[in-house]
Colleague: 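Questions regarding the structure given below will be posed in turn.
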Amino acid sequence: MSDCLFCKIIAGEIPSTKVYEDELTYAFRDINPMMPTHVLVVPRQHLTGLSAADEASDAVLAACLRACAKVAAQEGLTGGFRVVSNCGDDACQSVKHLHFHVLGGGKMTDKMG
Ligand code: 5GP
Ligand code: ZN
């Protein structure tokens with residue numbers, strides 16, 4: 001996807017602070033962190049969001065979740081962490097490339113919505 005911000009980040013055309021990568025995923029620090037640790041995990045494959053999950057292989061989807069766990073371990077989030085994937089307008093998804101926010105490093109509110 002030539003006009004997708006996260007595809008450009010994955011391709012290295014836009015700089016990012018890499019936290020983790022493997023064959024199927026790339027993880028980098030959010031430019032506007034909401035928590036002491038705020039990392040975005042994205043599949044290398046362009047998918048518009050979780051609603052397009054059927055377009056991805058099980059391997060890609062599993063790799064995203066595994067990468068979230070690896071990021072949390074690497075960042076030392078022993079007290080816990082939260083994974084969020086905003087999908088669509090009601091959830092205020094702003095970048096239309098599937099991504100998982102990995103948040104941690106402090107106590108979060110119990111409000112999910
Ligand atoms: P969404 O609102 O779609 O769930 O999350 C998009 C996230 O991407 C936001 O938290 C935003 O701060 C982050 N973001 C937007 N543009 C950039 C960028 O150019 N670089 C990085 N590292 N993060 C970005
Ligand atoms: Zn993309």
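Counting starts at 1 for both ligands and their atoms, following the listed order. The first residue of the sequence shown is numbered 1, and numbering continues consecutively from there. Computed from a predicted model, the values in this text were never measured in an experiment.
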Colleague: Once rounded to 10 degrees, what value does the angle at the Zn ion (ligand 2) take between SG (C7) and ND1 (H97)?
Modeller: 110°

Colleague: What class does the angle between the rings of F6 and F28 fall in, given that below 30° is parallel, 30 to 60° is tilted and above 60° is perpendicular?
Modeller: perpendicular

Colleague: Within the structure provided, determine whether H99 and V42 are in side-chain contact (heavy-atom separation under 4.5 Å).
Modeller: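 Counting from C-beta outward, H99 and V42 do come under 4.5 Å.
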
Colleague: So if I only count non-hydrogen atoms and take anything under 4.0 Å from ligand 1, which residues does that give, chain by chain?
Modeller: L5, F6, I9, F28, R29, D30, I31, N32, L40, N86, C92, Q93, S94, V95, H99, H101

Colleague: For the side chain of Q93 and the backbone of G88, is there at least one donor-acceptor N/O pair under 3.5 Å apart?
Modeller: yes

Colleague: Can you tell me how far the SG atom of C7 sits from the NE2 atom of H46, to the nearest 0.5 Å?
Modeller: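 One finds 5.5 Å between SG of C7 and NE2 of H46.
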
Colleague: Counting neighbours of CD on E23 that are heavy atoms of other residues, nucleotides or ligands and sit closer than 6.0 Å, is the number greater than 12?
Modeller: no

Colleague: Is the side chain of E75 donor-acceptor paired with the backbone N or O of G105 at a distance under 3.5 Å, no angle test?
Modeller: no

Colleague: When you measure from the Zn ion (ligand 2) to each N, O or S atom of H46, which atom gives the shortest distance?
Modeller: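 Going by distance to the Zn ion (ligand 2), the closest N, O or S atom in H46 is ND1.
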
Colleague: Would H97 and I10 count as a side chain to side chain contact (heavy atoms under 4.5 Å, CB included) here? Give the steps.
Modeller: CA-CA 11 Å; H97 181 128; I10 293 163; 3.7 Å; yes

